[in-house]
Chemist: 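Quick one: structure below, then a few questions.
Fair warning: this is a prediction, and the values are worked out from it, not measured in the lab. Any value given below was found using the heavy atoms of this structure, including those in side chains, with hydrogens, waters and symmetry copies removed. Naming: A, B, ... by sequence-line order, numbering from 1 per chain.
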Amino acid sequence: MLEQRQKQAKRTGLPELLNAEKGKVVLRFAPNPNGPLSFGHARGIIINGEYAKEYDGELILRFDDTDTSVKPPMLEAYDLIQKEAEWLLGFVPHRMVIASDRIEHYYQYVEQMLNGGFGYVCKCSAETFREYRVSMTECPCRAYSNLENLELWQGMLDGSFQPGEAVVRVRTDMALKNPALRDWPALRIQDTETNPHPRKDIGSRYRVWPLLDFQSAVEDHLQGVTHIIRGKDLMDSTRKQKLLYEHFGWTYPETMYWGRVKVHEWGGFSTSQMRKDIESGLFEGWSDPRLPTIASLSGSGIQATALRNFWIELGVTQKDIAVPLATLYSHNIKIIDDDAPRIAFIREPIALTLEGVNETIVELPTHPNTTGLGTRKIQLHDAVVYIEKADLQHKTLRLKEFGDFDIEGNTARFVAKERTDKRKIVHWTSKNSSVDASLVQVIDGEICRLDGKLESHQLAVNTPVQIERIGYGIISGDNEITFTHD
RNA sequence: GCUCGUGUGGUGUAGCCAGGUCCAUCAUUGCGGGUUUUCAUCCCGUCGACCCGGGUUCGAAUCCCGGCACGAGCACCA
């Protein structure tokens, strides 16, 4: 593979992984199951998943559910996330790990750390230690012997300490330039009697829980993770974990980071905040179309492939960026347009009686360019059609794929089959071939259900469609269609 | 404050490590036009950028130094 250096040629796809051998790459995506996946999570799962695919490697879906009080896990999220992950990836993650199932493993490494003297039990309060950290002072607890540490550790396990009274720290160096790395905390005590873990098997079984940096570091090693790709907010995590790896004599995986992404139209959302807002009734649920969740996006017609293309295009740069939704929409249109059946939805329908029409059925193409999608047959036995009120301002109209008509009051007099002039072309449907339905759309932060007449169809729920002269949408119920985007 | 990171058109992105072939790629958006029995799709055209200042060099978006701006971490959250 003597690839010539090509300048000015757009590199396509994701950049190459460093030190990656095809077939031996192990990546992971590790969400906190304190809610279902949101837009930002999609980046993590898609980028890691794409690399796993590209390198014939493995992707681990890991639930980092080690906090029971600040961001407590949500029981339903475990299943939801697995389904959403599969939807986003287009394949099932190769392995699944739940941190709360692995506490005993983490304990083994704590003991190893204490025995090795590179960790210690610290009885200082968080505030006291903060002062030590700022002033680069060694904490007195650093002086405990390995034996004392092991005893204190037992004390943490058996309930001799209350939450906040003792933590296990990784011994680094209080003189480290980066304050974040100084003797960082590895495990703490949680009151799991008051705040049990939501998983039945776990519940109140453990009092001592690892913190992210310890849990993640040990688990990455146990799973043989070779590459970690995550947000740059976790850069200091990498540095902390590298110090631990050095203590254990392990080799740290290759790392890559991406910057912060904001979507102009959404502003700031956090899983915890959404959870509160849903519980307080501000939103209808996790799939509320106003929320930036995967459930919301898929429910309103965004395709997984569009999301994949979108995130792959953004790549893994460390820049903090703000993207407009238009970019995602444009990807979505590319995915769906060729196969999206055209369908009529009449807003503020006005019934017109046809005059001078003999046929009882009109056949129009399901898709103007994709003839393979066949035709739609509109029944006209009652000779009544619906058009939008707004179109009534014109007294001469062309009903699309039907004919030219002159409008007088509530009658539409047939003029000609072919075009006779440049009169406006409008979409329409008939009384016989339509149903009462709603168009669900978010307007100015409100969910609007606009009643109207929807052309009868046999399309399955979740079929993306193009709503003539309105935009793209998705069949979201028997008599409901949800607007996706223009 | 300390630590770390990032600065390419309106928005993203390629190029930067290995300096010239870069009057800078591609996409998206805007604008203009074309096709079209949808205000869709598609096609064509067009506007538009290397944070600033020095330095090295025949030559700098690319290397060096210094500014500035923005962001993140410094949680017994993930």
Side-chain angles (χ1 to χ4, degrees), chain A residues 5-12 15 30-34 63-73 99 122 124-127 129-130 133-134 136 163-169 176-182 184-190 208-209 211-213 215-216 230-240 257 259-262 264 270-272 309-310 313-315 317-324 326-331 333-334 336-338 340 342-344 364-365 367-370 398-404 418-419 423-427 466-472 486:
Chain A
R5 189 179 175 198
Q6 287 196 346
K7 288 205 135 198
Q8 219 168 307
K10 168 94 171 174
R11 194 207 71 232
T12 50
N32 177 350
N34 63 335
F63 293 97
D64 279 356
D65 57 346
T66 56
D67 178 88
T68 59
S69 45
V70 182
K71 292 177 180 170
C122 173
C124 301
S125 68
E127 302 75 53
F129 195 86
R130 189 175 308 134
R133 177 168 47 234
V134 174
M136 300 164 110
E165 290 180 352
V167 297
V168 177
R169 293 188 180 282
L176 249 23
K177 274 170 59 181
N178 188 340
L181 313 184
R182 299 172 193 157
W184 54 271
L187 298 98
R188 77 335 197 158
I189 301 166
Q190 300 194 95
V208 183
W209 286 80
L211 287 152
L212 169 92
D213 290 308
Q215 180 274 130
S216 180
R230 58 184 168 193
K232 70 173 185 181
D233 53 312
L234 293 178
M235 273 180 163
D236 281 344
S237 260
T238 298
R239 298 183 183 106
K240 288 188 219 175
Y257 308 93
R260 253 186 123 69
V261 177
K262 269 188 193 159
H264 183 254
S270 74
T271 302
S272 325
N309 293 347
F310 172 85
E313 185 174 79
L314 293 196
T317 67
Q318 290 184 30
K319 265 203 281 186
D320 298 319
I321 55 173
V323 288
T327 308
L328 175 63
Y329 293 161
S330 121
H331 280 292
I333 289 171
K334 284 187 175 66
I336 64 176
D337 187 73
D338 283 349
R342 270 46 182 171
I343 194 166
L364 43 166
H367 193 294
N369 315 321
T370 310
R398 178 167 184 83
L399 301 190
K400 190 166 177 287
E401 303 280 358
F402 185 6
D404 284 359
E418 299 306 318
R419 300 212 68 175
R423 61 183 68 198
K424 192 170 176 61
I425 298 164
V426 301
H427 66 298
Q466 208 267 337
I467 316 166
E468 290 191 323
R469 292 175 70 217
I470 296 178
Y472 293 88
D486 290 323

Chemist: Who is the Watson-Crick or G-U wobble partner of C17(B), with both distances under 3.5 Å?
Modeler: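 For C17(B), the partner nucleotide comes out as none, under the 3.5 Å rule.
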Chemist: Pick from E401(A), R469(A), K400(A): which one makes a side chain to side chain donor-acceptor pair (under 3.5 Å) with H427(A)?
Modeler: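 The single option meeting the side chain to side chain donor-acceptor pair (under 3.5 Å) with H427(A) is R469(A).
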Chemist: Sticking with atom P, work out how far C43(B) lies from U35(B), rounded to a whole angstrom.
Modeler: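 That atom pair is separated by 16 Å.
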Chemist: Rounded to whole angstrom, note down the C1' distance from A60(B) over to C51(B).
Modeler: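 Looking at atom C1' only, A60(B) and C51(B) are 16 Å apart.
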Chemist: Any N or O donor-acceptor pair under 3.5 Å from the base of U37(B) to the side chain of R398(A)?
Modeler: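 Answer yes: a donor N or O sits under 3.5 Å from an acceptor.
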Chemist: Select one nucleotide: of U38(B), U11(B), U28(B), the one nearest the side-chain heavy atoms of P324(A).
Modeler: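 When the side chain of P324(A) is considered, U11(B) is the closest of U38(B), U11(B), U28(B).
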Chemist: Does CZ belonging to R260(A) count more than 12 external heavy atoms closer than 6.0 Å?
Modeler: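 No, the 6.0 Å shell around CZ holds no more than 12 heavy atoms from other groups.
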Chemist: Find the partner of C76(B): check Watson-Crick (N1-N3 plus N6-O4 or O6-N4) and G-U wobble (N1-O2, O6-N3) distances, both under 3.5 Å, and reply none if neither fits.
Modeler: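 Across all strands, not a single nucleotide pairs with C76(B).
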Chemist: Expressed in whole Å, how much space separates the P atoms belonging to A61(B) and C23(B)?
Modeler: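 Result for the P pair: 9 Å, nearest Å.
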Chemist: With rounding to whole Å, what would you report as the distance between C39(B) and C47(B) at their P atoms?
Modeler: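 Pairwise P distance, C39(B) against C47(B), rounds to 28 Å.
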Chemist: Given the structure, check if the side chain of R342(A) and the base of A40(B) hold any donor-acceptor pair shorter than 3.5 Å.
Modeler: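 Between A40(B) and R342(A), which were checked side chain against base, a qualifying N/O pair under 3.5 Å is present.
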Chemist: When you get a sec, tell me which of A78(B), A27(B), U13(B) is the closest nucleotide to the side chain of D64(A)?
Modeler: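 Nearest to the side chain of D64(A) among the choices is A78(B).
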Chemist: Using the P atom on both, measure A49(B) against U11(B) and round to a whole Å.
Modeler: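 Result for the P pair: 12 Å, nearest Å.
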Chemist: Given U11(B), is OP1 or OP2 found less than 4.0 Å from the side-chain N or O atoms of K262(A)?
Modeler: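 For K262(A), the contact criterion (side-chain N or O under 4.0 Å from OP1 or OP2 of U11(B)) is not met.
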Chemist: CD of E165(A) to CD1 of I189(A): how many Å apart, nearest 0.5 Å?
Modeler: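 Going from the CD atom of E165(A) to the CD1 atom of I189(A) covers 7.0 Å.
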Chemist: Given atom CZ of R260(A) and atom P of A78(B), what is their separation to the nearest angstrom?
Modeler: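 Answer to the nearest Å: 17 Å.
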Chemist: When you compare the protein's N or O atoms with those of nucleotides 43-52 of chain B, which come within less than 3.5 Å of each other, and at what distance?
Modeler:
none

Chemist: Looking at every strand, decide which applies to A322(A) at a 4.0 Å heavy-atom threshold: base, sugar-phosphate, or nothing.
Modeler: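 A322(A): backbone/sugar contact only, no base atoms under 4.0 Å.
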Chemist: So which nucleotide does G71(B) pair with, by the Watson-Crick or G-U wobble rule with both distances under 3.5 Å?
Modeler: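 With both distances under 3.5 Å, G71(B) matches C4(B).
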Chemist: Select base, sugar-phosphate, or nothing to describe what L212(A) touches, counting heavy atoms under 4.0 Å on all strands.
Modeler: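 L212(A): base contact, heavy atoms under 4.0 Å.
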Chemist: Tell which nucleotide pairs with C39(B), taking only Watson-Crick or G-U wobble pairs whose two distances are both under 3.5 angstrom.
Modeler: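 C39(B) is paired with nothing.
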Chemist: List the steps, then state whether salt bridge (Lys or Arg N to Asp or Glu O under 4.0 Å) holds for D337(A) with R342(A).
Modeler: CA-CA 10 Å; D337(A) 187 73; R342(A) 270 46 182 171; 2.8 Å; yes
Chemist: Is there, by distance only and without an angle test, a donor paired with an acceptor across the side chain of E313(A) and the base of U28(B) below 3.5 Å?
Modeler: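 No such pair is found, so the answer is no.
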Chemist: Counting only Watson-Crick pairs (N1-N3 plus N6-O4 or O6-N4) and G-U wobbles (N1-O2, O6-N3), all under 3.5 Å, who is the partner of C50(B)?
Modeler: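 Partner of C50(B): none found under 3.5 Å.
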Chemist: With heavy-atom distances below 4.5 Å as the criterion, would you say the side chains of D67(A) and Q190(A) are in contact?
Modeler: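 They are in contact (side-chain heavy atoms under 4.5 Å apart), so the answer is yes.
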Chemist: For atom P, what is the distance between A18(B) and C65(B), given to the nearest Å?
Modeler: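 To the nearest whole Å, 14 Å.
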Chemist: Salt-bridge test for D213(A) and R239(A): reply yes if a basic N is under 4.0 Å from a carboxylate O, no otherwise.
Modeler: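 Answer for the salt bridge query: no.
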Chemist: What does A61(B) pair with, Watson-Crick or G-U, if both distances are under 3.5 Å?
Modeler: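 In the structure as shown, A61(B) has no Watson-Crick or wobble partner.
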Chemist: What is the distance, rounded to the nearest whole Å, between atom CZ of R182(A) and atom P of C74(B)?
Modeler: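 One finds 13 Å between P of C74(B) and CZ of R182(A), rounded.
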